[in-house]
K.L.:
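Got a structure for you, written out below as structure tokens; questions coming shortly.
Chain letters run A, B, ... following the sequence lines, proteins first and then strands; every chain starts at 1. No experiment lies behind these values; they were computed from the predicted model shown.
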Protein chains: 2
Amino acid sequence: MTDTARGSSRRYGTRPTMKDVAARAGVGLKTVSRVVNGEPGVTPDTERRVQEAITALGFRRNDSARILRKGRTASIGLVLEDLADPFYGPLSRAVEEVARHHGALLINGSSAEDPAREQELVLALCARRVDGLVVIPAGDDHRYLAPEIAAGVATVFVDRPAGRIEADTVLSDSFGGSRDAVAHLLAHGHRRIGFIGDQPRIHTAKERLRGYRTAMAAAGLPVDDAWVSLGTTEPERVHTAARAMLDAPEPVTALFAGNNRVTVTLVRVLRQCTAPVALVGFDDFELADLVSPAVTVVAQDAARMGRTAAGLLFRRLEGADEPPRREEIPTRLIARGSGEIRPAHD
Amino acid sequence: MTDTARGSSRRYGTRPTMKDVAARAGVGLKTVSRVVNGEPGVTPDTERRVQEAITALGFRRNDSARILRKGRTASIGLVLEDLADPFYGPLSRAVEEVARHHGALLINGSSAEDPAREQELVLALCARRVDGLVVIPAGDDHRYLAPEIAAGVATVFVDRPAGRIEADTVLSDSFGGSRDAVAHLLAHGHRRIGFIGDQPRIHTAKERLRGYRTAMAAAGLPVDDAWVSLGTTEPERVHTAARAMLDAPEPVTALFAGNNRVTVTLVRVLRQCTAPVALVGFDDFELADLVSPAVTVVAQDAARMGRTAAGLLFRRLEGADEPPRREEIPTRLIARGSGEIRPAHD
DNA sequence: CTGAAAGCGCTTACAG
DNA sequence: CTGAAAGCGCTTACAG
């Protein structure tokens with residue numbers, strides 16, 4: 001009889017519960033719970049019997065039930081633009097490492113740069129009752145998150161600020177990094193410098209443009225409208241924009257790329273040019289030193305951004321009750337050759 | 001009174017439940033459940049009252065409770081080596097897309113190529129009762145998963161086969177791709193070809209070595225032990241191995257790299273060489289065409305691997321009851337220059 | 001040292 | 001169309 005019951009409880013798709021273990025070991029439910037959770041107050045003999053039952057039945061605690069009772073899920077959500085983008089790999093990994101040290105798992109999803117999808121994902125994670133969220137926002141209005149934050153979901157925004165709510169934020173120094181990049185080109189004799197960046201609704205794109213303008217202004221130089229092009233990072237769009245700047249009657253002698261993907265496209269465009277054109281890119285990429293000329297970049301520290309964000313998150317979860325913080329991670333200019341090319345004449 | 005109760009139920013960290021909504025709307029619990037889940041059989045007027053209560057209280061259904069009752073978590077686990085590795089980005093993204101179409105979230109973690117950590121992660125995901133698992137295994141003994149699979153956790157192994165259990169598997173054609181790569185070098189006149197690959201305990205490393213040996217044998221050529229080096233992908237290790245092959249009295253005239261990271265290191269090593277040495281790498285990488293000479297590779301389709309794996313997984317979850325499958329994803333040789341260099345003389 | 005009862009927040013199965 | 005009761009598999013708070 002007992003054997004039959006046990007047999008059927010092993011059927012495909014059915015798993016033994018603590019109750020089954022308790023029955024088999026001839027103890028109470030709470031005793032099984034004690035053993036499973038390593039709580040004290042169980043005699044060695046009782047413990048052994050429970051362990052045997054656990055092994056025999058192939059019991060594994062159902063954390064869904066545990067989570068419901070305890071109120072904490074020991075998981076955090078990570079919403080980013082695209083898991084396949086190399087910038088987010090190290091960032092995700094860093095968040096994961098910190099989560100791991102706190103015994104938490106990572107649930108993540110890609111927004112594909114779509115605000116509606118970002119919101120859908122974030123709210124799905126809230127419904128799962130993640131303890132916290134790390135969000136690289138696609139949208140610019142996060143009021144939908146306010147009730148969740150008020151209900152205790154620790155939330156940190158990374159790479160771009162939250163829109164219309166206050167929250168912990170970790171950003172790269174886009175403004176300072178861009179200003180330095182352009183100053184670097186100016187120091188190498190350039191006067192007509194083009195900026196090709198991401199869509200203007202993206203915060204970092206605006207900041208990088210501001211850095212560009214500030215550096216030009218500090219050098220007392222005018223900025224021709226034709227030297228600035230913001231838009232998608234599609235190769236075709238970037239290619240067209242670059243060609244326009246390079247084929248103008250007074251062509252730019254240097255280009256500053258607003259991000260990773262733009263930089264790579266510009267490397268391709270510039271190989272076709274006869275006259276050398278200087279290039280500095282925002283954000284480093286793996287083989288930047290292998291291309292020739294090697295590409296000068298303003299490097300961001302994605303792993304540090306992830307670590308910092310996760311650190312802030314767990315501070316909140318451990319009860320830190322302080323106003324939202326905004327951390328800025330410095331960038332670093334790495335001169336490799338392409339940014340040190342001087343203008344032909346002028 | 002009611003207001004006080006409501007006020008306190010909004011306290012930081014406390015969230016309203018269906019019961020609260022029911023009380024406020026003056027309906028039964030089940031009616032709230034019907035509205036929240038869009039089930040039929042609710043008058044428009046009742047529905048409106050419930051919706052108002054939901055909005056007023058900021059209610060969001062607790063999926064932890066739902067999951068416990070329904071038995072399915074609508075989440076799948078993805079365990080890979082390192083989220084930050086560019087090979088896994090597109091693979092993860094592809095798995096995520098398929099999961100999304102099935103309404104499932106992705107929980108993932110990195111094993112860091114450590115079998116113990118792989119097991120710990122996988123079992124933690126099983127305790128969370130993920131519906132399925134996509135595993136890029138680090139270890140070579142997965143018997144620990146047998147009870148979970150028997151209990152209904154759909155499991156698919158990707159990139160490397162499962163060890164000591166039967167399970168759905170999606171692999172690249174490492175053997176065929178490597179054989180083709182080496183045949184390509186042979187066709188360009190090489191006779192002394194070196195192979196630098198990953199650690200021999202990794203299945204793909206063994207398969208790629210087998211492809212190399214098969215191609216050499218098919219050409220009737222001997223393989224000198226000094227031409228084969230398996231080990232970690234640390235740049236230093238790869239550098240030393242390559243130098244030994246290149247500085248030998250009878251140096252190799254071509255190198256076949258067993259993976260991505262090895263290829264990149266070899267590009268760096270070969271730039272220092274005076275005599276040109278041919279190179280083919282297993283696995284494509286983003287800027288392979290920008291390096292000079294551009295790098296000839298055997299490309300894997302990581303996204304297709306991810307899609308295929310997730311496809312198999314959801315077939316199982318939808319009840320497919322068939323023996324474990326093994327899908328092999330073809331590779332593609334992309335000639336870009338480095339693999340078409342001919343040996344100096346001979 | 002051990003265990004019975006209540007409850008976490010939902011859904012299921014039924015009854016009106 | 002609507003709702004009260006039971007239950008998912010654990011943990012909590014108590015009592016022995």
Side-chain angles (χ1 to χ4, degrees), chain A residues 9 11 13-51 53-54 57-74 124 126-131 151-152, chain B residues 9 11 13-51 53-54 57-74 124 126-131 151-152:
Chain A
S9 82
R11 238 185 6 232
T14 313
R15 309 194 61 146
T17 68
M18 280 193 182
K19 207 171 142 195
D20 299 326
V21 174
R24 170 144 184 156
V27 300
L29 188 56
K30 177 62 196 169
T31 299
V32 177
S33 175
R34 285 199 180 89
V35 172
V36 169
N37 295 300
E39 286 167 26
V42 182
T43 54
D45 183 59
T46 308
E47 169 154 10
R48 193 182 41 69
R49 266 163 49 226
V50 172
Q51 287 292 8
I54 287 174
L57 297 175
F59 169 79
R60 182 171 316 285
R61 181 179 65 199
N62 182 337
D63 280 350
S64 295
R66 175 166 227 251
I67 282 166
L68 177 59
R69 192 64 239 247
K70 301 208 82 138
R72 282 249 159 142
T73 56
C126 289
R128 297 289 178 109
R129 296 292 189 267
V130 292
D131 297 331
Chain B
S9 82
R11 235 184 9 229
T14 312
R15 310 194 60 146
T17 69
M18 281 195 180
K19 207 172 143 195
D20 299 327
V21 174
R24 171 144 182 156
V27 300
L29 187 57
K30 177 61 197 169
T31 299
V32 178
S33 175
R34 285 200 181 86
V35 172
V36 169
N37 295 301
E39 286 167 25
V42 181
T43 54
D45 183 58
T46 308
E47 169 154 12
R48 193 184 40 70
R49 268 162 50 224
V50 172
Q51 286 293 6
I54 287 175
L57 297 175
F59 169 78
R60 181 170 316 285
R61 183 180 65 200
N62 183 336
D63 279 349
S64 295
R66 176 167 225 251
I67 281 166
L68 177 61
R69 192 62 239 248
K70 300 208 83 135
R72 282 248 158 142
T73 56
C126 289
R128 297 290 179 109
R129 294 294 188 267
V130 291
D131 298 330

K.L.:
Would you mind reading off the distance between A:Leu29 atom CG and C:dT2 atom P, rounded to a whole angstrom?
P.N.:
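Taking CG of A:Leu29 and P of C:dT2, I get 15 Å after rounding.
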K.L.:
Who pairs with B:Arg129 by salt bridge (Lys or Arg N to Asp or Glu O under 4.0 Å), at least two apart in sequence or on another chain?
P.N.:
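For B:Arg129 there are no salt bridge (Lys or Arg N to Asp or Glu O under 4.0 Å) partners, ignoring immediate neighbours.
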K.L.:
A:Arg60: what forms a salt bridge (Lys or Arg N to Asp or Glu O under 4.0 Å) with it, not counting sequence neighbours?
P.N.:
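Salt bridge (Lys or Arg N to Asp or Glu O under 4.0 Å) list for A:Arg60, sorted by chain: B:Glu148.
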K.L.:
Starting at atom CE of B:Met18, determine the distance to atom C1' of C:dC8, rounded to an integer number of angstrom.
P.N.:
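Going from B:Met18 (CE) to C:dC8 (C1'), I get 14 Å.
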K.L.:
Quick one: A:Arg66 CZ to D:dG9 C1', roughly how many Å, whole number?
P.N.:
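Computing the A:Arg66:CZ to D:dG9:C1' distance gives 12 Å.
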K.L.:
Can you list the residues that meet the side chain to side chain donor-acceptor pair (under 3.5 Å) rule with B:Thr31, with sequence neighbours excluded?
P.N.:
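For B:Thr31, no residue satisfies side chain to side chain donor-acceptor pair (under 3.5 Å) once neighbours in sequence are set aside.
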K.L.:
Would you mind reading off the distance between A:Asp20 atom CG and D:dG7 atom C1', rounded to a whole angstrom?
P.N.:
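Rounded to whole Å, this separation is 15 Å.
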K.L.:
Rounded to whole angstrom units, what separation is found between the CG atom of A:Asn62 and the P atom of D:dG7?
P.N.:
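Rounded to the whole Å, the gap is 18 Å.
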K.L.:
Please enumerate all residues that pass salt bridge (Lys or Arg N to Asp or Glu O under 4.0 Å) together with A:Glu47, with sequence neighbours excluded.
P.N.:
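In terms of salt bridge (Lys or Arg N to Asp or Glu O under 4.0 Å), with neighbours along the sequence ignored, A:Glu47 is linked to no residue.
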K.L.:
Under a 3.5 Å cutoff on both atom distances, Watson-Crick or G-U, what's the dot-bracket for DNA chain D ([ ] crossing, | other strand)?
P.N.:
|||.||||||||.|||
K.L.:
Figure out the CZ/C1' separation between A:Phe59 and D:dG9, and round it to whole Å.
P.N.:
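Going from A:Phe59 (CZ) to D:dG9 (C1'), I get 8 Å.
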K.L.:
Could you list the residues that satisfy side chain to side chain contact (heavy atoms under 4.5 Å, CB included) with A:Arg48, not counting sequence neighbours?
P.N.:
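Partners of A:Arg48 by the side chain to side chain contact (heavy atoms under 4.5 Å, CB included) criterion, ordered by chain and then number, come out as A:Asp45, A:Glu52.
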K.L.:
For A:Gly28 and B:Asp63, find the nucleotide of DNA chain C closest to each by heavy atoms; which residue's nucleotide sits nearer the 5' end?
P.N.:
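In this pair, the answer is A:Gly28.
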K.L.:
Between C:dG9, D:dT11, D:dG3, which nucleotide gets closest to the side-chain atoms of A:Asn37?
P.N.:
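Within the option list, the nearest is D:dT11.
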K.L.:
Can you check nucleotides 12-16 of chain D for protein contacts, nitrogen or oxygen pairs under 3.5 Å, and list what you find?
P.N.:
residue : atom : partner : partner atom : Å
D:dT12  : OP1  : A:Lys70 : NZ           : 3.3

K.L.:
Report the residues that fulfil side chain to side chain donor-acceptor pair (under 3.5 Å) with B:Arg66, sequence neighbours left out, ordered by chain and then residue number.
P.N.:
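Side chain to side chain donor-acceptor pair (under 3.5 Å) check on B:Arg66 returns B:Asn37.
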K.L.:
Pick base, sugar-phosphate or nothing for B:Val27, based on heavy-atom distances below 4.0 Å to the nucleic acid.
P.N.:
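The answer is sugar-phosphate, as B:Val27 gets under 4.0 Å only of primed atoms, P, OP1 or OP2.
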K.L.:
Is there a donor-acceptor contact under 3.5 Å from the side chain of B:Arg34 to the main chain of B:Glu39?
P.N.:
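No: the side chain of B:Arg34 does not pair with the backbone of B:Glu39.
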K.L.:
Taking only residues two or more places apart in sequence, or in another chain, which ones meet B:Arg128 in a side chain to side chain donor-acceptor pair (under 3.5 Å)?
P.N.:
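Testing B:Arg128 for side chain to side chain donor-acceptor pair (under 3.5 Å), a comparison that skips the adjacent residues, returns none.
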K.L.:
Any idea which heavy atoms bring B:Ser64 and A:Thr73 closest together, and the distance?
P.N.:
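Closest approach of B:Ser64 to A:Thr73, heavy atoms only: OG-CG2, 4.1 Å.
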K.L.:
Are any of the side-chain heavy atoms of A:Arg15 and A:Asn62 separated by less than 4.5 Å?
P.N.:
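When only atoms from C-beta onward are counted, A:Asn62 and A:Arg15 do not touch, as no gap falls below 4.5 Å.
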K.L.:
B:Arg60 has an atom CZ; how far is it from atom P of C:dC10, in whole Å?
P.N.:
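Going from B:Arg60 (CZ) to C:dC10 (P), I get 12 Å.
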K.L.:
Please report the distance, rounded to the nearest Å, between CD1 in A:Ile67 and P in D:dC8.
P.N.:
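In whole Å, D:dC8 P lies 19 Å from A:Ile67 CD1.
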K.L.:
With sequence neighbours excluded, tell me which residues meet side chain to side chain contact (heavy atoms under 4.5 Å, CB included) with A:Ala23.
P.N.:
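Counting only residues at least two positions away or on another chain, A:Ala23 forms no side chain to side chain contact (heavy atoms under 4.5 Å, CB included).
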K.L.:
Going by heavy atoms closer than 4.0 Å, what residues in residues 42-51 of chain B are next to DNA chain D?
P.N.:
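Nucleic-acid contacts, sorted: B:Val42, B:Thr43, B:Thr46.
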